[in-house]
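Just the heavy atoms: all of them, side chains too, but no hydrogens, waters or symmetry mates, feed the values below.
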Amino acid sequence: QSTWGITIIWPYYKISHTKFFGRLIELIRLINLSTISTLQNFTIFSYNMSALRLVYLVLVILPAAHLETNAPPKAVVIWHGMGDSCCNPLSMGAIKGLIEKHLGAEGYVHSLMIGNNIIEDTENGFFMNSNEQIDMACAKIRSDPKLANGYDAVGFSQGGQFLRAVAQRCPEPRMRNLLSVGGQHQGVYGFPRCPASSKICDTIRDLLNVGAYVGFVQNHLVQAEYWHDPLNEAEYKEKSVFLADINQERSVNQTYKDNLQKLSNLVLVKFLKDGMVVPRESEWFGFYKPGQAQELYTLKESPLYTEDRLGLKEMIKLGKVAFLTVPGDHLQFTQEWFIEHIINPYIIV
């Protein structure tokens, strides 16, 4: 605080100390400031009032413009759920438009299409090996120059656990925040409602009845690849080609753990009246206790947490995991809820 009652504070813009103080010295020479005292994070000086506008221009407006110009635009990747596609105007298309609206002209949203067209994208959500889908998604993300500076990811239903696999397996470019909306992170043990034609649904049920862990079913039916049978835990851990791997059921892959911990935030959204995900607690990493299908355990009661196989225990300690609820059924939320709880706190910040 100078005798003139004004303090100019340097707020650590994206400009080096050297450049900042170089500008300041040049300014002093130009306007012949009478006194100057430099502290660690701010500069105090007295001046005549005719110099105030020039000081403000050089030390506040120009650095702010420098920051705005050089900050990379916000980028978001979204992945749809079972029976949906990247570009359905009533679902992912609407979500994409909503996020773009709030990001503004400089924002960018990449809605993942797994396949060459919308039909393939929809069918692959049922019949393309999950690991192959993750590989394809990683390749698309890496090859998109608009994602090179990092991105936030929003996964809907099975897209939630798929994007978690991307975070664990494909750390470049960096995923900043992962928002899982109704994802089944401990898998499912039930298929009560199928969002597809009766022919597809009947085929899926027939395959699951043959045996979710039979080789050709595991490798070709997506829902079998995150099928978690609490009555046959040993078989699940041995033969699950996708979920058991990303949940570190057989062994701990330190790279998976390290990569997941690079997230700034992991947001888990559970639908309190979810009639599609069985059990709905899977959306928060909960599941049935082994040997039966009635009593449930929470994330903090699971070996995944107590043994910290994924690093979630440490992430929770650091405040990097958020547990959100929606009162409705599966993926039933309003635009207002999505803006307030997803876009505003995690995407446009």
Backbone of Leu103 reached by a side-chain donor or acceptor of Glu100 within 3.5 Å: no
Greater than 12 external heavy atoms within 6.0 Å of Glu307's CD: yes
Interatomic distance, Lys289 atom NZ to Glu233 atom CD [nearest 0.5 angstrom]: 13.0 Å
Distance in Å, Lys96 NZ paired with Cys86 SG, rounded so as to fall on 0.5 Å steps: 9.5 Å
Polar side-chain atom of Asn259 near backbone of Thr255 as donor-acceptor pair, under 3.5 Å: yes
His228/Tyr236 aromatic ring centres below 6.0 Å: yes
Single-linkage hydrophobic cluster, 4.5 Å side-chain cutoff, Met92 and Ile118 together: no
Separation between CD of Glu249 and CD of Gln186, rounded to the nearest 0.5 Å: 6.5 Å
Under 3.5 Å donor-acceptor, Asn117 side chain and Glu120 backbone: yes
Check: Glu172 side chain, Ala148 main-chain N or O, donor-acceptor pair, under 3.5 Å: no
Nearest heavy atoms of Lys262 and Lys320, plus distance in Å: C-NZ, 4.4 Å
Worked check of side-chain contact (heavy atoms from CB on, under 4.5 Å) between Asp308 and Lys257: CA-CA 9 Å; Asp308 207 19; Lys257 185 174 179 178; 4.2 Å; yes
Under 3.5 Å donor-acceptor, Gln133 side chain and Asn124 backbone: yes
Parallel, tilted or perpendicular, as decided by the 30° and 60° cut-offs, for the rings of Trp337 and Phe333: tilted
Hphob cluster co-occupancy, Ile78 + Val166, side-chain heavy atoms under 4.5 angstrom: no
Whether Trp284 side chain and Leu268 backbone form a donor-acceptor pair below 3.5 Å: yes
Approximate separation, where rounding is to 0.5 Å, of Leu299 CG and Leu310 CG: 9.5 Å
Backbone N/O of Arg280 and side chain of Asp274: donor-acceptor pair under 3.5 Å: no
Within the 6.0 Å centroid threshold, strictly below: Trp79 and Phe156: no
Flag side-chain contact, heavy atom, 4.5 Å: Asn129 against His220: no
Test item: side-chain donor near acceptor, Gln158 and Tyr226, under 3.5 Å: yes
Salt bridge (Lys or Arg N to Asp or Glu O under 4.0 Å) between Asp245 and Arg169, intermediate numbers included: CA-CA 11 Å; Asp245 176 68; Arg169 295 175 178 177; 2.8 Å; yes
Enclosure of Ile119 CD1 (heavy-atom neighbours >12, cutoff 6.0 Å): no
Hphob cluster co-occupancy, Met315 + Phe323, side-chain heavy atoms under 4.5 angstrom: yes
Sidechain-backbone polar pair: Glu301 side chain, Tyr297 backbone, donor-acceptor under 3.5 Å: no
Distance, nearest 0.5 Å, that separates CD1 of Ile134 from CZ of Phe242: 4.5 Å
Within 6.0 angstrom of Gln254 CD, more than 12 heavy atoms from elsewhere: yes
For Ala224 against Val217, the heavy-atom pair lying closest together: CB-CG1, 3.8 Å
Approximate separation, where rounding is to 0.5 Å, of Leu112 CG and Leu163 CG: 6.5 Å
Working for side-chain contact (heavy atoms from CB on, under 4.5 Å), residues Tyr305 and Phe285: CA-CA 9 Å; Tyr305 180 87; Phe285 279 94; over 6 Å; no
Sidechain-backbone polar pair: Gln248 side chain, Asn253 backbone, donor-acceptor under 3.5 Å: yes
Side chain proximity check, Leu178 to Val267, heavy atoms < 4.5 angstrom: no
Hydrophobic cluster identity match, Phe162 and Ile246, side-chain contacts under 4.5 Å: yes
Validation row: Ile99, Tyr108 side chains within 4.5 angstrom (heavy atoms): no
Hphob cluster co-occupancy, Met175 + Tyr256, side-chain heavy atoms under 4.5 angstrom: no
Intermediate values then yes/no, side-chain hydrogen bond (donor to acceptor under 3.5 Å, both in side chains), Glu283 and Ser180: CA-CA 8 Å; Glu283 296 167 355; Ser180 169; over 6 Å; no
Closest non-hydrogen atom pair between Lys74 and Ile347, with its separation: CE-O, 2.6 Å
Any donor-acceptor N or O pair under 3.5 Å, side chains Asp144, Tyr151: no
Presence of salt bridge, Asp152 and Arg176, under 4.0 angstrom: yes
Gly182 versus Val277, closest heavy-atom pair with distance: O-CG2, 4.2 Å
Close side-chain approach of Val278 and Phe191, heavy atoms under 4.5 Å: no
Exercise: identify the closest heavy-atom pair between Val222 and Ser130: CG1-OG, 3.7 Å
Any side-chain heavy-atom pair of Ser282 and Val188 under 4.5 Å: no
Stepwise side-chain contact (heavy atoms from CB on, under 4.5 Å) test for Met113 and Cys87: CA-CA 8 Å; Met113 177 189 289; Cys87 312; 4.3 Å; yes
Backbone N/O of Gly215 and side chain of Asn219: donor-acceptor pair under 3.5 Å: yes
Side-chain heavy-atom pair Leu207, Phe216 within 4.5 angstrom cut-off: yes
Any Leu296 side-chain heavy atom under 4.5 Å of Pro279 side chain: yes
side-chain contact (heavy atoms from CB on, under 4.5 Å) assessment of Val181 paired with Ser157: CA-CA 6 Å; Val181 184; Ser157 196; over 6 Å; no
Leu98 and Ile343, any side-chain heavy atoms less than 4.5 Å apart: yes
Verdict with reasoning, Asp121 to Ser85, per side-chain hydrogen bond (donor to acceptor under 3.5 Å, both in side chains): CA-CA 6 Å; Asp121 187 26; Ser85 72; 4.8 Å; no
Option passing side chain to side chain donor-acceptor pair (under 3.5 Å) with Asn247 (candidates Gln161, Arg164, His185, Arg309): Arg164
Donor + acceptor pair across side chains of Ser240, Arg250 (<3.5 Å): no
Closest approach of Tyr346 to Asn177 (non-hydrogen atoms, all atoms of both residues): O-ND2, 3.0 Å
